[in-house]
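Structure, as structure tokens:
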Amino acid sequence: MRHPALDKRNPLGHDRSRPLMPEGSPMSRPDMPPYSAPTIEARWQAAWDEAGCFRAKADPEKPKYYVLEMFPYPSGRIHMGHVRNYTMGDVVARHRRATGHAVLHPMGWDAFGLPAENAAMASGGHPKDWTYANIADMRGQMKPLGFSIDWSREFATCDPEYYGQQQALFLDMLDADLVTRRAAVVNWDPVEMTVLANEQVVDGKGWRSGAEVERRELTQWFFKISDMAGDLLDALDGLDDWPAKVKLMQANWIGRSRGLELAFQMTEPAQGFDSIPVYTTRPDTLLGASFVAVSPDHPLAKALSAEDPSIAAYCEEARKGGTTEEAIETAEKTGIDTGLRVRHPLDDSWELPVWIANFILMDYGTGAIFGCPAHDGRDLDFARKYQLPVVSTFVPAQGEHVRPEEGADAFTPQKSEPVRYVKLFAGEEVQTSDQGVEAAVAQAEAEGWGKGVTRYRLRDWLLSRQRYWGCPIPVIHCADCGAVPVPRDQLPVELPEDVTFDRPGNPLDRHPTWGRAPCPQCGKEARRETDTMDTFVDSSWYYARFTAPQAVTPTEMDEAAYWMNVDQYIGGIEHAILHLLYSRFFARAMVKTGHLPASAREPFDALFTQGMVTHEIYQSRDENGRPVYHFPEEVEGGKLKDTGAPVEVISSAKMSKSKKNVVDPVGIVATYGADTARWFVLSDSPPERDVEWTASGAEAAYKHLSRVWRLAHEAASSQDKPNAVADTALERARHKIVHEVSQVIESFGFNAAIAKLYGFTNMLSKSDAGAGVKQKAARTLVQLMAPMTPHLSEELWTLLGGDGLCAQAPWPKADRAMLVEDSITLPIQVNGKRRGEIQVARDLAVAEIERLALEAVSRSLDGVAPKKVIVVPGRIVNVVA
RNA sequence: GCCGGUGUGGCGGAAUGGUAGACGCAGCGGAUUCAAAAUCCGCCGAGGCAACCCCUCGUGAAGGUUCGAGUCCUUUCACCGGCACCA
């Protein structure tokens with residue numbers, strides 16, 4: 001039989017002119033067939049299908065377990081990152097099934113989005129055809145990997161059955177006052193005729209068209225997520241099984257701040273304004289105020305612009321500022337004096353100038369600030385540029401201090417640090433700034449000139465997109481009745497299929513008939529909403545839909561109550577903020593609208609963020625010195641295979657097509673089999689860290705599986721007689737490995753599980769135990785490997801006389817008594833340095849251990865009497881000399 | 001700038017405050033073979049030593065706590081990630 005590794009197009013870049021395990025080798029006996037992954041993998045996948053092993057069935061007798069990996073975008077090709085993500089979920093799912101849980105492990109497709117429209121524009125097809133074809137391709141690539149997924153629950157978010165329920169959900173959220181519609185400033189690409197997300201604006205230009213992006217005010221739909229900001233922040237505390245890093249990122253994103261809102265009265269009313277409301281987190285520095293500044297988008301600035309061309313010109317210029325990080329960092333702080341003046345709230349005779357400044361944001365706080373240059377770097381830059389006063393309000397509690405008014409940087413210590421107030425109006429002279437702020441707020445409230453407020457950075461979620469390939473917003477706009485919800489019996493509002501992508505803009509907008517609909521309220525001719533929903537909406541509730549994917553309502557309460565919450569969610573750190581925050585919002589919204597039980601308010605009990613799969617990059621230079629990248633299979637021994645030209649090896653990075661450092665899982669599965677791919681992506685690195693794909697590592701994984709294959713066959717055909725010492729040793733090791741692997745799998749230590757299984761394999765191969773004990777050990781080995789290498793394990797399980805399917809066998813249990821060693825090795829230290837060791841009975845008296853220890857290290861002590869002997873039972877002995 | 005994380009052999013990485021370097025890769029030596037591959041056995045941080053005994057050094061750097069520190073504390077350097085004119 002021709003081994004698959006004979007295929008010279010294998011993706012590892014090794015010219016494999018020989019099979020890895022040829023027949024006729026000493027190890028290959030007539031009764032031992034070679035390890036042929038393709039044969040056994042196909043066979044057992046069929047067997048699992050037939051037995052329906054992975055169908056999720058609610059069972060009141062069992063604890064339930066819902067494991068979910070972030071579902072993929074159907075690009076058409078799976079990559080190693082998918083393999084790693086889904087393998088981790090599969091290990092958890094298989095392990096939980098074996099430990100007696102009713103497991104839900106579903107899969108679906110995050111199928112709406114721009115790439116489908118781009119493909120339609122590029123090649124003239126239809127986004128729907130492109131998407132469903134990709135789904136079929138990817139499913140075809142995924143199934144050979146043998147994931148224990150309940151495929152009967154599969155859906156795509158572009159199925160009308162799914163997005164129709166999403167529309168129903170939207171209408172319920174509208175009724176529950178979770179949705180609103182208002183004007184918003186957006187990035188508008190005048191060539192593409194659509195709104196762009198911030199990340200699609202590069203250097204102020206549209207990423208595709210290259211056209212200068214305009215800031216336009218459009219009426220848009222929003223989810224009122226900011227109403228829940230406080231709860232979304234506070235509830236992070238309860239998410240004990242989420243990475244601290246993710247919780248911190250979310251907390252920063254939500255961005256709670258405590259401060260004071262106060263109004264500066266104008267000396268003379270202007271443009272209908274008699275005061276300027278200001279928000280500050282530093283009311284304790286109010287006596288250091290030197291100016292008031294408003295945003296160029298502030299109503300006052302707009303009103304002044306109408307009168308004064310120089311102000312209008314300044315505001316126009318200030319708004320242009322680039323959106324890139326670099327532009328923001330290097331942008332100079334600029335402003336223009338309005339000539340208006342305001343009174344200081346604590347001193348009627350104190351007047352401050354009012355400026356318009358480019359660094360004030362309209363959509364945070366009130367769009368206006370008071371500047372305190374002594375204690376804010378930005379304000380100090382601004383004050384120095386325009387010769388405004390600098391006045392310190394506090395100095396360090398102790399020590400020397402050069403004040404900002406003497407040329408030093410702005411003094412901005414941590415708010416928890418005590419400082420000495422030199423201009424004080426509330427609280428103690430020496431207090432922390434936190435205390436100073438609270439005292440100032442209390443005083444302002446008592447005296448009635450200000451109000452303490454808690455603010456959030458988190459904005460409402462803009463969900464309107466001027467795109468075709470998304471979920472239509474189920475609303476009809478009537479000239480008389482306004483925005484009217486589509487009646488529920490008319491859902492889903494389906495996307496029309498006869499659309500064209502030959503012109504920019506939204507095809508829904510220019511469709512001849514689709515947009516026309518009678519007003520559901522008055523019956524008059526009206527227009528459909530042609531915006532579709534942000535695709536983040538689709539992925540914000542799919543986890544709930546998996547509990548009843550065919551339901552004619554968004555969810556079914558009893559199914560949702562049984563399966564929710566997701567016990568273990570697994571995905572990339574890149575979704576730490578938006579996707580997870582939106583999902584948390586949606587779960588709350590679904591509780592409020594009666595689609596989820598109250599207990600599912602936080603949908604993901606535990607979250608795991610896995611690292612990427614990386615690979616070295618191979619680079620050479622063309623005649624102009626520009627870098628040229630090469631696929632791994634084009635390189636051998638540091639040289640290009642066809643020309644022999646040397647390549648530069650650049651250190652590992654995330655696999656990407658542009659750098660050509662990609663390894664295709666399909667090729668790996670064809671060459672080595674799914675089990676090898678699964679085993680490799682879990683070995684070597686902790687799951688939360690990146691793992692580097694190497695050809696030698698993949699080959700090593702394959703060799704190991706082949707070795708287990710041989711050992712299992714040897715054990716199965718062994719005629720060796722029992723051997724008391726070896727039998728006991730192996731049996732003890734067997735219980736120990738069961739204990740260890742169970743423990744590390746539960747704590748996501750997949751790489752550690754693999755390392756321990758390597759160790760046990762080494763032990764088994766060297767053991768002189770009798771046939772029966774060896775077979776038992778081998779059977780345990782393959783069972784413990786089964787979550788990682790299910791096909792190989794299934795085949796060997798059967799060979800070794802396992803009962804039924806390994807996939808359905810109960811997880812082995814370790815006998816505690818077998819884990820305890822009778823005799824232990826104690827290292828002996830002298831002054832913390834290891835100088836010897838002793839073998840003692842586990843329960844030997846401390847005094848006796850001390851005696852033996854001193855004896856063992858007498859040479860190192862060199863006659864010196866020990867001052868002290870520290871015995872850590874079962875661990876170590878340290879002699880202090 | 002602010003917040004967070006990580007620094008351990010040639011490489012990926014192990015080590016509840018208790019024998020630093022598990023396990024794997026690469027490398028070296030041996031067995032097997034006509035020869036090779038595959039497989040099996042062994043070695044594999046640096047330095048010293050006749051020596052697989054043993055000694056010294058060693059977890060980015062410098063201090064500290066402790067009988068004992070990769071692990072805890074302080075300072076510092078480097079790299080990675082997130083946020084970023086948020087008042």
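To find a chain, count down the sequence lines: A is the first, B the second, and so on, and within it residues start at 1.
- Distance noted for atom C1' between B:rG60 and B:rU66: 23 Å (whole Å).
- Side-chain atoms of A:Lys333 and base atoms of B:rC85 include a donor and an acceptor less than 3.5 Å apart.
- Using atom P as the reference point in both B:rG5 and B:rG10, the two lie 28 Å apart (nearest Å).
- Contact check on A:Glu714 versus A:Lys774 returns no salt bridge, with no Lys/Arg side-chain nitrogen under 4.0 Å from an Asp/Glu carboxylate oxygen.
- If you take CZ of A:Arg457 and P of B:rC3, they are 16 Å apart, rounded to a whole angstrom.
- Here the nucleotide nearest the side chain of A:Ile870, chosen from B:rC67, B:rC83, B:rG18, is B:rC67.
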Exercise for review: Report the C-alpha distance between A:Leu854 and A:Val869 in whole Å, list the side-chain angles of each, state the deciding distance to 0.1 Å, and finish with yes or no for side chain to side chain contact (heavy atoms under 4.5 Å, CB included).
Suggested key: CA-CA 9 Å; A:Leu854 287 174; A:Val869 180; 4.2 Å; yes

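- Using a 4.0 Å heavy-atom distance criterion, A:Glu692 is classed as making no nucleic acid contact.
- Among the protein residues, A:Ser683 comes within range of no part of the nucleic acid, since none of its heavy atoms lies under 4.0 Å from any strand.
- In this model, a side-chain donor or acceptor of A:Arg875 finds a partner on the base of B:rU16 within 3.5 Å.
- In the set B:rG13, B:rU19, B:rC85, B:rU19 carries the atom at the smallest distance from any side-chain atom of A:Arg834.
- Ring centroids of A:Phe680 and A:Tyr672 are separated by 6.0 Å or more, keeping the two rings apart.
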Can you name the atoms? Protein N/O to nucleotides 21-27 of chain B N/O, anything below 3.5 Å, with the distance.
| unit_1 | atom_1 | unit_2 | atom_2 | d |
| --- | --- | --- | --- | --- |
| B:rG24 | OP1 | A:Asn762 | ND2 | 3.4 |
| B:rC25 | O2' | A:Ser696 | OG | 3.0 |

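- With a cut-off of 3.5 Å on both pairing distances, the Watson-Crick and G-U wobble pairs of RNA chain B assemble into stems of 3 or more at B:1-7 with B:77-83, B:10-12 with B:23-25, B:27-31 with B:39-43, B:45-48 with B:54-57, B:60-64 with B:72-76.
- What you find for A:Val691 and A:Ser685 is that their closest heavy atoms are CA-OG, 3.8 Å.
- The residue among A:Val877 and A:Lys868 whose nearest nucleotide of RNA chain B lies closer to the 5′ end is A:Val877.
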Check your understanding: Would A:Thr285 and A:Phe370 count as a side chain to side chain contact (heavy atoms under 4.5 Å, CB included) if you check the C-alpha gap in whole Å, the side-chain angles of each, and the deciding distance to 0.1 Å?
Key -> CA-CA 10 Å; A:Thr285 66; A:Phe370 77 81; 3.8 Å; yes

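- Distances were taken from every side-chain heavy atom of A:Asn878 (C-beta onward) to each of B:rG68, B:rC3, B:rG13; the shortest belongs to B:rG68.
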Check your understanding: Please walk me through it: do A:Val879 and A:Lys867 pass side chain to side chain contact (heavy atoms under 4.5 Å, CB included)?
Key -> CA-CA 8 Å; A:Val879 179; A:Lys867 292 201 186 89; over 6 Å; no

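- Between the C1' atoms of B:rU19 and B:rG68, the separation comes to 12 Å (whole Å).
- A:Lys766 comes within 4.0 angstrom of sugar-phosphate atoms only, judged by non-hydrogen atoms across all strands, and of no base.
- Nucleotides B:rG12 and B:rG4 place their C1' atoms 24 Å apart, quoted to the nearest Å.
- Under the salt bridge (charged side-chain N to carboxylate O under 4.0 Å, His left out) criterion, A:Arg282 pairs with A:Asp284, not counting sequence neighbours.
- Among the protein residues, A:Leu248 comes within range of the sugar-phosphate backbone only, with heavy atoms under 4.0 Å from sugar or phosphate atoms but none that close to a base.
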Practice item. Check the pair A:Glu699, A:Ser696 against side chain to side chain contact (heavy atoms under 4.5 Å, CB included), reporting the backbone distance first and the verdict last. Key: CA-CA 5 Å; A:Glu699 196 162 333; A:Ser696 59; 5.5 Å; no

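- Which of B:rU19, B:rG12, B:rA87 sits closest to the side chain of A:Thr825 comes down to B:rU19.
- Aromatic pair A:Phe291/A:Tyr386: centroids not less than 6.0 angstrom apart.
- Remark: the separation of the C1' atoms in B:rA69 and B:rU59 is 11 Å, to the nearest Å.
- A:Arg256 comes within contact range of no nucleotide atom at all, as no heavy-atom separation falls under 4.0 Å.
- Heavy atoms from other residues, nucleotides or ligands lying under 6.0 Å from NZ of A:Lys385 number more than 12.
- Comparing the same atom, P, in B:rC25 and in B:rG13 gives a spacing of 16 Å after rounding to whole Å.
- For A:Gln829 and B:rG17, the CD to C1' distance is 11 Å, given to the nearest whole Å.
- By the salt bridge (charged side-chain N to carboxylate O under 4.0 Å, His left out) test, A:Asp720 pairs with no residue at all, sequence neighbours left out.
- Every residue two or more places apart in sequence or in another chain that forms a side-chain contact (heavy atoms from CB on, under 4.5 Å) with A:Met362 is listed here: A:Ser295, A:Asp297, A:His298, A:Pro299.
- B:rA22 sits 27 Å from B:rA31 when the C1' atoms are compared, rounded to a whole Å.
- Ring pair A:His615/A:Tyr618 is perpendicular by interplanar angle, where above 60° counts as perpendicular and below 30° as parallel.
- Atom C1' of nucleotide B:rC83 and atom CD of A:Gln250 are separated by 14 Å, given to the nearest angstrom.
- In this structure, A:Asn252 and A:Tyr456 both approach RNA chain B, and ranking their closest nucleotides by distance from the 5' end singles out A:Asn252.
- Between the CD1 atom of A:Ile876 and the C1' atom of B:rU19 there is a distance of 6 Å, rounded to whole Å.
- By the rule that a glycosidic angle within 90° of 0 means syn, B:rG42 does not qualify and counts as anti.
- The ring of A:Tyr702 has its center no closer than 6.0 angstrom to the ring center of A:Trp679.
- Among the protein residues, A:Ile828 comes within range of no part of the nucleic acid, since none of its heavy atoms lies under 4.0 Å from any strand.
- Counting any heavy atom pair closer than 4.0 Å across all strands shown, A:Val880 reaches sugar-phosphate atoms only and no base atom.
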Revision key, fill the gap. With B for base contact, S for sugar-phosphate-only contact and - for none (protein heavy atoms under 4.0 Å), nucleotides 58-66 of chain B reads ---------

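- The side chain of A:Pro686 sits closest to B:rA14 out of B:rA87, B:rA14, B:rU39.
- B:rC40 atom C1' lies 15 Å from atom CG of A:Leu764, rounded to whole Å.
- Look at the C1' atom in both B:rG70 and B:rG45: the space between them is 15 Å, to the nearest Å.
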